[in-house]
Amino acid sequence: ATKPYIEEIYNSDGQLIDAKMYGYEAIRDNAFYYCTDLALITLPSGITSIGNSAFSGCASLALTTLPNGITSIGEGAFADCSSLALTSLPSGITSISNSVFAGCSSLALTSLPSGIISIGNSAFTDCSSLALTTLPSGITSIDIGAFQGCTSLALTSLPSGITSIGNRVFTDCSSLALTTLPSGVT
């Protein structure tokens, strides 16, 4: 076969369980949407972007890292990937899209890339294993429900440059230890 191409492996029920991608730089929108048995543990190193809802609903997706060259992750790209256990994100990412990790109960990020400037609506909603204690200093906005239901979120302060915090951002964040908000928040 000529590049780019994908080798797919299916189980006896006809469900996609593995896909090896060759020659790809981007994973298109909805590429593996609700492939619930897809159990990838790595992505090719040449990937630079992941499209909207690319892996949404892939409950068996077991990635622990993403390729360092990724600079863009689309809306809902990993929504409802309950086995996704990332501990870090590539340093080139500057914004966290809407619902990108919503419902990823195993997501175990301990920090966010220093270049992040915004966090979208419901970006981390119901990520019960998310245990961030700080946010990058360059963040200026956190949108509606971004951390709602993140019971392990243990922020003690917010960056001073934040000017916008949406509704319900920290609803049901039982480990949150904030005592003040930045003076510029509207």
Side-chain angles (χ1 to χ4, degrees), residues 1-93 95-113 116 119-132 143-153 172-173:
T2 59
K3 291 187 177 187
Y5 68 99
I6 298 176
E7 291 178 3
E8 298 175 343
I9 300 172
Y10 295 86
N11 65 16
S12 60
D13 296 327
Q15 299 295 313
L16 181 65
I17 58 171
D18 194 13
K20 292 181 181 18
M21 294 169 264
Y22 299 96
Y24 281 87
E25 292 179 5
I27 297 174
R28 66 176 170 78
D29 294 354
N30 304 305
F32 298 101
Y33 186 78
Y34 272 85
C35 290
T36 56
D37 294 327
L38 182 65
L40 293 178
I41 55 171
T42 62
L43 293 177
S45 61
I47 298 292
T48 59
S49 69
I50 297 173
N52 297 337
S53 301
F55 293 100
S56 183
C58 294
S60 300
L61 192 69
L63 299 173
T64 56
T65 62
L66 293 175
N68 287 333
I70 291 179
T71 57
S72 171
I73 302 175
E75 292 187 11
F78 293 103
D80 297 319
C81 292
S82 55
S83 298
L84 187 70
L86 298 175
T87 56
S88 65
L89 295 175
S91 62
I93 293 177
S95 67
I96 305 289
S97 299
N98 296 341
S99 304
V100 70
F101 296 111
C104 294
S105 56
S106 299
L107 188 70
L109 298 175
T110 55
S111 66
L112 295 176
I116 298 286
I119 298 175
N121 295 340
S122 304
F124 295 104
T125 296
D126 295 326
C127 292
S128 55
S129 298
L130 187 69
L132 300 173
D143 291 338
I144 298 169
F147 293 106
Q148 185 171 340
C150 294
T151 55
S152 298
L153 187 70
D172 298 326
C173 293

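Note that these values count all heavy atoms, side chains included, but never hydrogens, waters or copies made by symmetry.
Of the inter-residue distances, the one linking Ile50 atom CD1 with Thr71 atom OG1 reads 10.0 Å to the nearest 0.5 angstrom. Interatomic distance, Leu109 CG to Leu153 CG, rounded to the nearest 0.5 Å: 11.0 Å. The distance from atom CG of Asp172 to atom OG1 of Thr151, rounded to the nearest 0.5 Å, is 9.0 Å. Annotation: the span from Asp37 atom CG to Leu61 atom CG amounts to 12.0 Å, rounded to 0.5 Å. For the atom pair CD1 of Ile116 and OG of Ser111, the computed distance is 10.0 Å after rounding to the nearest 0.5 Å. One finds the CD1 atom of Ile119 at 3.5 Å from the CZ atom of Phe147 (value rounded to the nearest 0.5 Å).
Checking side-chain atoms of Asn98 against main-chain N and O of Glu75 turns up no donor-acceptor pair under 3.5 Å. At distances below 3.5 Å, at least one donor-acceptor pair connects side-chain atoms of Asn11 with backbone N or O atoms of Asp13. Remark: side-chain polar atoms of Ser45 are not paired, donor with acceptor, to backbone N or O of Pro67 under 3.5 angstrom. A distance-only check finds a donor-acceptor pair linking the side chain of Thr125 to the backbone of Gly145 [under 3.5 Å]. Judged by distance alone, the side chain of Ser97 and the main-chain N or O of Ile73 form a donor-acceptor pair under 3.5 Å. Ser152 places no side-chain N or O within 3.5 Å of a backbone atom of Leu130 that could act as its donor or acceptor partner.
Minimum heavy-atom separation, Ile96 to Ala123: CG2-CB, 3.6 Å. Between Ser83 and Ala59 the shortest heavy-atom distance is OG-O, 2.7 Å. Shortest non-hydrogen contact noted between Met21 and Pro44 is O-CG, 3.4 Å. The two residues Leu16 and Ile9 come nearest to each other via the heavy atoms CD1-O, 3.5 Å. Residue Leu38 comes nearest to Ala19 through the heavy atom pair CD1-N, 4.0 Å, listed as atom of the first residue, atom of the second, then distance. Shown here for Ser56 and Gly76, the closest heavy-atom pair between the two residues is CB-O, 3.5 Å.
With contacts defined as side-chain heavy-atom distances shorter than 4.5 Å, the pair Leu43/Tyr24 does not qualify.
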Problem set entry | Leu112 and Leu89: CA distance, side-chain angles, deciding distance, side-chain contact (heavy atoms from CB on, under 4.5 Å) verdict | CA-CA 7 Å; Leu112 295 176; Leu89 295 175; 4.1 Å; yes
Problem set entry | Audit row: Asp80, Tyr34, side-chain contact (heavy atoms from CB on, under 4.5 Å) steps and yes/no | CA-CA 9 Å; Asp80 297 319; Tyr34 272 85; 3.5 Å; yes
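Legend: salt bridge (charged side-chain N to carboxylate O under 4.0 Å, His left out) pairs involving residues 20-35, not counting sequence neighbours, sorted by first then second residue: Asp18-Lys20.
Considering only residues two or more places apart in sequence or on other chains, Ile41 meets the side-chain contact (heavy atoms from CB on, under 4.5 Å) condition with Ala62. Tyr33 pairs by the side chain to side chain donor-acceptor pair (under 3.5 Å) definition with nothing, not counting sequence neighbours.
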